Amino acid sequence: MAQIIKLKDKNTDFLEKITELSGEQITLCEQCGTCSAGCPFVSEMDINPSQIMRLVMLGQESVMDSKTMWLCASCFTCTVRCPRKLDLSKVSEALRQVKLRGAIDEIDIKEISDEEALKLPTIAVVGSFRKFTG
Amino acid sequence: MAEKQKMIKVYLTGELFEVPEGSTIMMALEYAGFQLKQGVGCREGYCGACATVYREKGDYKLKGGLACQTVVSEGMAITQIPSVPAEKPIYDLNDLTPDVGTFTKLFPSVFRCVSCNSCTKACPQDIEVMDYIQAIIRGDLAKAADISFDCIRCGLCAMRCPAEIVQYNNATLARRLYGKYLAKKSPELEKRLEEIKSGKYDKEIKELKEMPHDELSKIYYKREIKIS
Amino acid sequence: MKIPYFPGCTLKTTAQNFEMSAIESAKKIGIEFIELPRWNCCGVVASLTSDDLMRHLAPVRNFLRVQEMNKQGLVENENRLLTLCSMCYNTLSLSNLRMKNDADDLQKINDFMHKEEENYDGNIEVVHFLSILEEMGFDKLAQKITKPLKDLKVASYYGCMLLRPKEVGIDDAEAPTILENFVKSLKAETVDWDAGSRCCGSYHTVNNVEIVYTLVKGIILDARKNGAEAIITSCPLCAFNLDVRQSEIKKDNPDFQTIPIFYFTQLMGIALGLNKEALGLEFNKIDAEDILKKKKLIK
Ligand code: SF4
Ligand code: SF4
Ligand code: SF4
Ligand code: SF4
Ligand code: SF4
Ligand code: SF4
Ligand code: FES
């Protein structure tokens with residue numbers, strides 16, 4: 001879907017913040033799309049991973065409203081394929097952290113049903129809470 | 001006592017007071033005129049009601065302790081925590097199973113532990129708090145019950161936890177589940193309960209109830225404790 | 001050989017079949033796992049931001065335990081820490097890498113490691129059991145096999161955490177062979193398939209199970225298409241998603257053809273002649289005995 005980016009909304013502080021938090025030189029992205037092509041969650045995403053890179057590069061804080069960073073499961077598929085050796089899993093983590101550090105959880109840990117609670121392995125619960133709660 | 005009591009300066013909830021050297025924090029508070037309606041109970045270090053945080057002069061560390069047990073020092077800054085807001089779900093033990101899933105259900109926050117050990121550092125009872133939390137996470141409730149046995153539920157661990165876990169309520173549940181489902185049943189206990197029910201000790205209990213305070217306290221401190 | 005062993009929380013609860021079968025199989029080939037005397041959950045997922053050091057405390061605390069074990073003589077001069085769970089392996093390894101590469105971070109972590117006697121010196125190596133087997137030689141393993149898994153077609157599921165990112169992957173990220181070599185050493189047949197290192201949906205299983213269903217269906221269908229009769233994994237989360245979630249898919253779609261999911265150590269145990277009881281097959285959700293009986297591998 002075509003999307004109009006308003007450059008007057010460019011927030012360089014946002015780009016700097018994400019660059020620093022992720023430790024990734026986001027502006028190096030060449031928009032090849034390899035990351036999006038291999039992402040196992042791309043069909044569920046509202047904005048695909050390479051678009052996220054572009055939007056962050058252009059300081060578009062609106063990416064904070066996207067589902068993409070929450071869907072990224074740090075599977076590192078894109079990490080091993082990026083021709084620029086960029087690590088998108090770290091960019092997603094940085095975006096998640098910006099939200100979580102504002103003391104806003106992405107999931108309600110009390111919403112797990114009793115049936116699921118008795119079934120879920122610890123590894124899933126710990127992993128989920130680490131990624132979705134601050 | 002002819003000698004004049006030496007006084008020291010302490011900050012109580014931000015205000016400077018002179019209090020007798022050697023006092024406990026609780027004595028200092030009362031000396032300074034605070035009437036303790038909350039944050040006090042047994043005055044003996046058992047009930048855990050008197051959680052307090054303080055900094056000693058020149059030390060960067062924020063320490064926690066029991067007001068009734070901790071002795072004040074010159075320049076100490078003290079704030080009592082009359083109650084710790086806690087997460088406390090209601091449950092019926094009969095409906096629960098003694099496993100990790102029960103904690104996912106009732107205390108999911110326990111899985112947020114980052115192993116920082118701040119809780120252990122804060123515990124006035126020298127309990128390895130992090131270790132009992134970790135035992136719960138891996139479903140070892142017997143171990144959690146054992147490690148947390150001396151917990152007096154003062155709440156200081158929960159005040160320091162970056163993961164916002166209420167450790168002592170988790171531990172209480174672990175001990176309850178352990179006691180109900182996992183612990184070896186004691187025939188001696190069953191027998192004694194029967195005896196009590198049948199009225200075997202009614203006379204002795206009545207005597208104790210009517211005993212004057214100092215006499216009661218005399219026999220209390222004279223009692224033998226058998227540690228097996 | 002005695003080696004310090006980090007079980008991880010899930011191996012003590014839902015994945016007991018993994019631990020049981022691994023410990024017993026390892027014994028058969030002369031490897032003794034010595035569980036860390038005190039250990040704490042590694043956190044499952046690695047902390048990926050530049051400043052979030054607190055979440056590295058958990059992994060590093062476990063490394064201190066390995067140092068202590070050496071001092072106490074529980075192991076002899078053994079700086080490796082063995083893991084079975086892929087996610088433990090990944091998270092411990094990534095933290096370790098950061099500590100080795102950044103002296104400042106290591107210093108900070110050591111300063112904030114409350115109530116520990118010593119500092120982490122950065123000298124522990126995290127290893128996965130599969131790497132230990134590879135190092136020992138799959139040909140050697142093959143020689144110890146007493147019950148070849150003849151005709152059993154096994155798809156190797158790597159998932160993500162064994163292979164990526166490259167810095168910690170135990171094999172080539174795009175064309176791994178270690179699990180296939182393992183399968184061959186058991187005399188089973190390998191399956192050539194596409195989904196072997198495709199993510200299963202991971203922790204989304206907690207709050208977005210639909211995604212997991214979709215991914216798991218894809219993985220199982222690919223395995224079926226390529227003739228697999230069993231899938232092996234080394235991750236209790238992969239196992240949960242592939243096994244338990246697969247059984248739920250089956251419940252809603254009676255025509256769905258299931259495939260049993262094994263920990264690689266369960267098949268190893270069978271091939272090494274362990275008793276059925278040592279494998280914890282009752283923990284496997286999709287019937288795991290059926291195919292083994294068909295191939296006359298268990299009674
Ligand atoms: S693969 Fe790398 S360079 Fe290509 S679009 Fe993705 S982040 Fe940019
Ligand atoms: S790390 Fe995230 S963005 Fe990259 S492929 Fe995996 S899920 Fe997609
Ligand atoms: S474990 Fe927590 S609540 Fe219990 S005594 Fe220690 S600090 Fe107090
Ligand atoms: S303070 Fe909280 S997070 Fe830290 S070790 Fe204790 S329980 Fe875990
Ligand atoms: S990954 Fe899991 S099972 Fe593995 S230790 Fe860490 S939390 Fe626990
Ligand atoms: S396959 Fe699934 S559980 Fe296994 S490592 Fe990947 S995301 Fe994790
Ligand atoms: S008043 Fe009971 S412990 Fe201090």
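First the proteins, then the strands, lettered A, B, ... as listed; each starts at 1. Below, all heavy atoms of this structure are taken into account, side chains as well, without hydrogens, waters or symmetry copies. Here the structure is a predicted model, which is why all the values come from computation and not from measurement.
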Problem - Proximal component of L21(A), with respect to chain C [non-hydrogen, under 4.5 Å] - result: both
Practice task
State, with a plain yes or no, whether a side-chain heavy atom of F132(A) is found less than 4.5 Å away from one of H204(C).
Solution key: yes
Exercise for the section: Select, from S128(A), S22(A), G23(A), the one with the greatest count of heavy-atom pairs under 4.5 Å involving chain C. Expected result: S128(A)
Handout entry: Nearest-0.5 Å distance, CG of residue L118(A) to OG1 of residue T14(C)
Key = 12.5 Å
Practice task
Please round to the nearest 0.5 Å and tell me the distance separating atom CZ of R164(C) and atom OG of S89(A).
Solution key: 10.5 Å
Exercise for the section: Taking the side chain as every heavy atom from C-beta outward, state whether I109(A) and V206(C) have any atom pair closer than 4.5 Å. Expected result: no
Problem - Contact listing (chain C partner; residues 38-45 of chain A; heavy atom under 4.5 Å) - result: P40(A), F41(A), E44(A)
Problem - Heavy atoms of other groups near F112(C) CZ, more than 12 under 6.0 Å - result: no
Exercise for the section: Please check if atom NZ in K100(C) has more than 12 non-hydrogen atoms from other residues, nucleotides or ligands closer than 6.0 Å. Expected result: yes
Handout entry: Heavy-atom proximity to chain A below 4.5 Å, by part of T13(C)
Key = side chain
Problem - Pairs of heavy atoms under 4.5 Å with chain A: top-ranked of A46(C), P165(C), A173(C) - result: P165(C)
Practice task
Quick one: closest heavy-atom pair of S202(C) and A73(A), and the distance?
Solution key: CB-CB, 4.4 Å
Practice task
Pick out which of C9(C), P236(C), C41(C) makes a side-chain contact (heavy atoms from CB on, under 4.5 Å) with T122(A).
Solution key: C9(C)
Handout entry: Gap between atom CD of Q97(A) and atom OG of S47(C) - 0.5 Å precision
Key = 7.0 Å
Exercise for the section: Just do the side chain to side chain contact (heavy atoms under 4.5 Å, CB included) check on R101(A) and D52(C) with the steps written out, would you? Expected result: CA-CA 11 Å; R101(A) 288 178 192 186; D52(C) 191 9; 4.0 Å; yes
Handout entry: Results of side-chain contact (heavy atoms from CB on, under 4.5 Å) for L97(C) - residues two or more places apart only
Key = N101(C), E167(C), V168(C)
Problem - I107(A) portion near chain C, given a 4.5 angstrom heavy-atom threshold - result: side chain
Handout entry: Pairwise side-chain contact, L94(C) with F76(A), heavy-atom cut-off 4.5 Å (strictly under)
Key = yes
Practice task
Give the member of I211(C), L215(C), L163(C) that has the highest number of heavy-atom pairs under 4.5 Å with chain A.
Solution key: I211(C)
Completion exercise
In terms of heavy-atom contacts, V45(C) and G127(A) come closest through CG2-O, 4.0 Å
Problem - Residue part contacting chain A, namely of V244(C), when any heavy atom lies under 4.5 Å - result: side chain
Handout entry: Backbone of V80(A) reached by a side-chain donor or acceptor of K166(C) within 3.5 Å
Key = yes
Practice task
Taking all non-hydrogen atoms of both residues into account, name the closest pair between F240(C) and K119(A) and its distance.
Solution key: CE1-O, 3.6 Å
Practice task
Kindly say whether I123(A) contributes a backbone atom to a donor-acceptor pair with the side chain of T10(C) at under 3.5 angstrom?
Solution key: yes
Handout entry: E20(A), part contacting chain C, at a heavy-atom distance under 4.5 Å
Key = backbone
Practice task
Grab the two heavy atoms, one from L48(C) and one from K131(A), that are nearest each other, plus how far apart they are.
Solution key: CD1-NZ, 4.0 Å
Problem - Under 4.5 Å from a heavy atom of chain A, the part of E210(C) involved - result: neither
Problem - Pair R55(C) + E93(A): basic N to acidic O under 4.0 Å - result: no
Practice task
Can you establish whether the number of heavy atoms outside K85(A) located under 6.0 Å from its atom NZ is more than 12?
Solution key: no
Handout entry: Ring center gap for Y203(C) and F129(A) short of 6.0 angstrom
Key = no
Practice task
Starting at OG1 of T49(C), measure out to CG of L100(A) and round the result to the nearest 0.5 Å.
Solution key: 10.5 Å
Handout entry: Exceeds 12 heavy-atom contacts within 6.0 angstrom, atom CG of D252(C)
Key = yes
